[in-house]
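Presented below is the structure to which this report refers.
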Amino acid sequence: MSDPIKPVVVGSQAAGGGPTDDLVDGLNEPQREAVTYRGPALLIVAGAGSGKTSVLTRRIASLLRSREAWPSQILAITFTNKAAGEMRERVRGLIGDTAQGMWISTFHSACVRILRREAEQFGFTKNFTIYDSGDSRALIKRLVKEHEADAFGLTPASVQGRISKLKNELADAESYARTANLSDPAERIFVELFADYQRALQRANAFDFDDLIGQTVYLFRAFPHVADVYRRRFRHILVDEYQDTNHAQYALIHELTRPPGAEGAEHGGGMMIFDAPTGDAASLTVVGDSDQSIYAFRGADIRNITEFERDYPGAKVVLLEQNYRSTQTILSAANAVIGNNFDRKDKKLWTDRGAGDPIIGYTGYSQHDEAQFVADEVEALRRRDIPYGEMAVFYRTNSQSRALEEILIRAAVPYKIMGGTKFYDRAEIKDALAYVIAVANPADELSVRRILNRPRRGIGDVTETSIARYAADEGISFRDALANPSALGVGPKIQQAIAQLDAVLAEASAIMLPPSGEVAPPTAVTEGLNVLLNKSGYLDALRRSKDPQDEARVENLDELVAVTREFARNNPEGTVLDFLTEVALVSDADDLDDASGVVSLMTMHTAKGLEFDAVFVTGVEEDLIPHRISAGEPGGPQEERRLFYVALTRARKKLHLSLAMTRAQFGEVTAAMPSRFLQEIPHDLIDWRQSPGDVNSRGGTQSRALNARRPGGGYGGSGGSRYGDDLVPLPRREKPAGDIAKFANRIPAKVRDNGELELAPGDRIRHDDFGEGRIDMVTGEGAKRVAHVRFDTAGPKKLLIKIAPIAKL
DNA sequence: CCCTATCGATTTTTT
DNA sequence: ATCGATAGGG
């Protein structure tokens, strides 16, 4: 078939024995087609683990190698920066350094790049900054307060959410006002807030996350000649994770894939169309899997992919259904679960790798017990030569990571949390960056206000307001008002403090923003940051503080300085704005850098696109997955099912599903029920170490993890450890023969649920373990109802009524 | 203007 | 349980 020795390639045809041969080696037929098909539009429906990244990189490589495209004509959009980096590396691995000059980036990064070039077209300058959600929440919070909008039930969070949603739909305050019911005062206020917010952003020379996309679309629509530049430039556009694009992103792609020049010609503009091929629209390749659409909550529209063929008539569709990642057992479970979503195109993943091991299930008494199972199992797998770096623990909500962390620390399991409280969300880091922004983009009032009294300078609300008023009166910026403290009408001490701050900012400015034309040295960002942190007194204040946490804050700032050095090393030409951009756009999944060699903990959302030898999906309970809030939302439970599906399909060899019978939240213990999704998995695929039925029949609500645990011991069986301390705990718990019929995997249906049981003080009850007793009182409500019982022999106990093995006498 | 104590809400997922 | 916001005293 293919020559072992690659001949020197002369022709440039992709088809028939061309230079693409080695790029399709080892691919199956649909994959091969996805790499070699040429046409205006291609949809690759790529099931989980079907090798889509490989296909995408080879497709790019083949375009380049056959000279169908120059690197600069390629725009590839990925979901995270990390994925972009990997794709770039893999393309380089295939065809070498000729891959330089491609745009491989996220939607957001690509838009920043475009906006920096074109910002001047519409009222921004190219040193605009980017507001993350925390920044925009702070701004919205101030506006809500100013408008006293809380009186109308508008909270900062709800306003932010609605604005974001509208922006994803490419609506602005004006267009929204046209459709809104303005006789409702709350609606009127909201429209005002929206408009004010947008004005504030513009004045601050800043974009929020949603604007990065939306304003780029606006730019393309308002200035067709600008759009044409990019339409001519990008001849091949590839979009990964297309099922998670929202309307704005969809529109952006649409703008880019129009034929260039069309509009200019219509308007009679003297377009210069002498490059013949540039009259055509760019070719578009999208890759996605509607079963993995998990971002509808932030505006992702599954129809973008389901209706692709309608949007791009004549589009070629390729289906990748063979899975190269997981065992058949894992796939069967995943297929069974996703099959319960009714509105999907049926698609069944298959593999030829064999059944593999059964899925392991475990039911803990508490989330700590569950975490202990994870820790023990991780250690057991480690002893069987699965590296820590090949294991991952998933959960639905970030708050679930706490218990896991506690136990993993205790068990000395090295781990890393992806996302969660992120480095760049820490207060001290945001402060430091606000200093930098105050220098790089002085129009950004929010940042200047933020650093005004950090460290404490004696500048409070009163002074801040007078600065703002002075700035407004003089028609100058908030930042510039700081240069003239004596005019503010504040005390001499405070004037002094303001003057000092102004001087520090000016000094850093001289370092980081050299006069136009000159290029700042690579060290500029590091130096400037150091000046800001030291001369502002910020570091001194932390070092002097007696709060033990402040020591860690100093270390974090040291790390930020290290980040600037690293940045300078990677981007010798990088400006302070490049630095800020990079920092603003890092995502949860991006800081995987040093995650090698440790177990990864993350939400199921963050897990998208990753894969591990061994996966633990925890908290498989009703109200968690599917999450209780999603239950009421249209399409909610279905999206939750997809999320669960994504989680399952991350596993290559070992899949563990665990849950807890009780879970503490808000400090209170509540009873949990197994997730409905568990029942959707064929029962013979799961090998329960401890099934919900087991736990229930044994009764009790106490956590075994923290009490009856011994180092090296196993999970909390009712009798404690039943093997020696240093034994490998894996092949434990032989099922007694007769047990299988009783317990084997027929779990969730028959879990005890005393939810309806009415108990009153004085009632006599019988408990499976504690015997008979009398009710003292009942507290709590619903799933949290607790019976305070005085047992005849066992003494006083508190029991969760919903799950305790009790009966009224 | 700063510090501290109390109260309240908070936990869905994120570029 | 923990974080943040608010209010009242120093």
Side-chain angles (χ1 to χ4, degrees), chain A residues 77-84 105-112 130-134 136-138 141 145 150 155-157 160-161 164 167-168 207-214 241 244-246 248-249 293-300 367 394-403 406 418-422 424-425 427 452-453 455-464 490-491 493-494 497 547 549 581 584-590 602-608 619 623-633 636-637 639-640 642-644 646-647 663-670:
Chain A
I77 300 288
T78 59
F79 204 65
T80 63
N81 293 297
K82 177 173 155 278
S105 67
T106 62
F107 270 107
H108 296 267
S109 303
C111 286
V112 169
I130 300 162
Y131 277 18
D132 66 21
S133 21
S136 59
R137 191 173 336 116
K141 195 182 264 175
K145 203 175 235 168
D150 46 346
T155 65
Q160 184 179 29
S164 174
K167 285 185 173 183
N168 287 158
F207 296 97
D208 65 20
F209 277 142
D210 302 315
D211 276 347
L212 292 177
I213 316 287
E241 308 284 10
D244 282 324
T245 50
N246 60 35
Q249 292 165 332
S293 162
I294 55 174
Y295 284 105
F297 71 90
R298 70 170 198 216
Q367 69 265 48
F394 303 155
Y395 35 81
R396 176 66 235 269
T397 66
N398 279 306
S399 61
Q400 290 169 248
S401 68
R402 270 240 152 87
E406 278 173 30
M418 321 292 304
T421 306
K422 282 159 281 184
Y424 292 104
D425 276 349
L452 211 50
N453 200 33
R456 310 240 129 93
R457 299 185 170 92
I459 302 177
D461 270 356
V462 179
T463 310
E464 187 176 332
V490 297
K493 240 169 117 180
I494 293 182
D547 183 341
Q549 292 212 310
T581 302
L585 297 180
V586 293
S587 70
D588 278 0
D590 287 336
M602 69 192 83
T603 65
M604 298 183 192
H605 282 90
T606 305
K608 189 173 76 154
D623 290 351
L624 223 40
I625 176 83
H627 196 275
R628 154 207 276 227
I629 294 176
S630 75
E633 284 160 22
E639 173 147 320
E640 297 284 311
R642 291 193 293 269
L643 182 58
F644 189 61
V646 166
R663 196 165 283 277
Q665 47 186 353
F666 312 128
E668 269 193 301
V669 179
T670 55

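As the structure is a computational prediction, the values presented were derived from the model and not from experiment. Per chain, numbering begins at 1; letters A, B, ... match sequence-line order.
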- Task: Indicate whether any N or O donor in one side chain lies under 3.5 Å from an N or O acceptor in the other, for A:Ser133 and A:Gln160.
- Result: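 Distance-only check fails for A:Ser133 and A:Gln160.
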
- Message: Nearest 0.5 Å, please: how far is OG1 in A:Thr80 from NE2 in A:His108?
- Response: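 Result: 11.5 Å between the selected atoms.
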
- Item | Straight-line distance of A:Ile77 CD1 to A:Thr106 OG1, nearest 0.5 Å |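 The distance works out to 7.0 Å.
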
Nearest whole angstrom, please: distance from the [atom2] of [N] to the [atom1] of [X].
| X | N | atom1 | atom2 | value |
| --- | --- | --- | --- | --- |
| A:Leu624 | B:dT13 | CG | C1' | 12 Å |
| A:Tyr424 | B:dT14 | OH | C1' | 17 Å |
| A:Phe79 | B:dT14 | CZ | C1' | 8 Å |
| A:Met604 | B:dT14 | CE | C1' | 16 Å |
| A:Ile494 | B:dC2 | CD1 | C1' | 12 Å |
| A:Ile294 | B:dT14 | CD1 | C1' | 10 Å |
| A:Arg663 | B:dT10 | CZ | P | 20 Å |
| A:Arg298 | B:dT13 | CZ | P | 13 Å |

- Measure from the side-chain heavy atoms of A:Asn398 and tell me the nearest of B:dT11, B:dT15, B:dT13.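 For A:Asn398, the side-chain atoms sit closest to B:dT13.
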
- Item | Residue A:Arg396, side-chain heavy atoms: nucleotide from B:dT13, B:dT11, B:dC1 that is nearest |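 Between B:dT13, B:dT11, B:dC1, the one nearest the side chain of A:Arg396 would be B:dT13.
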
- Message: Both A:His627 and A:Gly458 contact DNA chain B. Taking the nearest nucleotide for each, which residue is further toward the 5' end?
- Response: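 It is A:Gly458, whose closest nucleotide lies nearer the 5' terminus.
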
- Item | Nearest-nucleotide comparison on DNA chain B, the residue closer to the 5′ end among A:Glu639 and A:Glu464 |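 Counting from the 5' end, the first nearest nucleotide belongs to A:Glu464.
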
- Could you walk me through whether A:Tyr295 and A:His605 pass the side chain to side chain contact (heavy atoms under 4.5 Å, CB included) test, one step at a time? CA-CA 8 Å; A:Tyr295 284 105; A:His605 282 90; 3.6 Å; yes

Using OP1 and OP2 only, check whether a side-chain N or O of [X] sits under 4.0 Å from [N].
| X | N | value |
| --- | --- | --- |
| A:Arg457 | B:dC1 | no |
| A:Asn453 | B:dC2 | yes |
| A:Ser133 | B:dT14 | no |
| A:Thr463 | B:dC1 | yes |
| A:Ser630 | B:dT13 | no |

- Are A:Arg663 and A:Asp623 close enough for a salt bridge, meaning some N to O gap below 4.0 Å?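 Looking at A:Asp623 together with A:Arg663, the answer is no, because their closest N to O distance does not fall below 4.0 Å.
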
- Closest heavy-atom pair and its distance - A:Arg642, A:Ile294: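 Of all heavy-atom pairs spanning A:Arg642 and A:Ile294, the closest is C-CG2, 4.1 Å.
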
- Query: What is the nucleic acid contact for A:Arg628, judged by heavy atoms within less than 4.0 Å: base, sugar-phosphate only, or nothing?
  - Reply: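 No contact at all - A:Arg628 keeps every heavy atom at 4.0 Å or more from the nucleic acid.
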
- Counting any heavy atom closer than 4.0 Å, what does A:Ser399 reach on the DNA or RNA strands: base, sugar-phosphate only, or nothing?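 Counting heavy atoms under 4.0 Å across all strands, the contact made by A:Ser399 includes a base.
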
- Query: Counting N and O atoms only, with roles assigned by atom type, does the side chain of A:Asn168 sit under 3.5 Å from a partner on the main chain of A:Asp210, one being a donor and the other an acceptor?
  - Reply: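 No, the answer is negative, given that no donor and acceptor are paired below the 3.5 Å cut-off.
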
- Task: Could you tell me which residues satisfy side-chain contact (heavy atoms from CB on, under 4.5 Å) with A:Ser401, sequence neighbours excluded, listed by chain and number?
- Result: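 Counting only residues at least two positions away or on another chain, A:Ser401 forms a side-chain contact (heavy atoms from CB on, under 4.5 Å) with A:Tyr395, A:Glu405, A:Ile417.
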
- Query: With the sugar-phosphate defined as primed atoms, P, OP1 and OP2, and the base as all remaining atoms, what B/S/- string results for nucleotides 1-10 of chain C, 5' to 3', for protein heavy atoms under 4.0 Å?
  - Reply: SS--S-----

- Are the ring of A:Tyr295 and the six-membered base ring of B:dT13 within the stacking cut-offs of under 5.5 Å and under 30°?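 Base of B:dT13: not stacked against A:Tyr295.
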
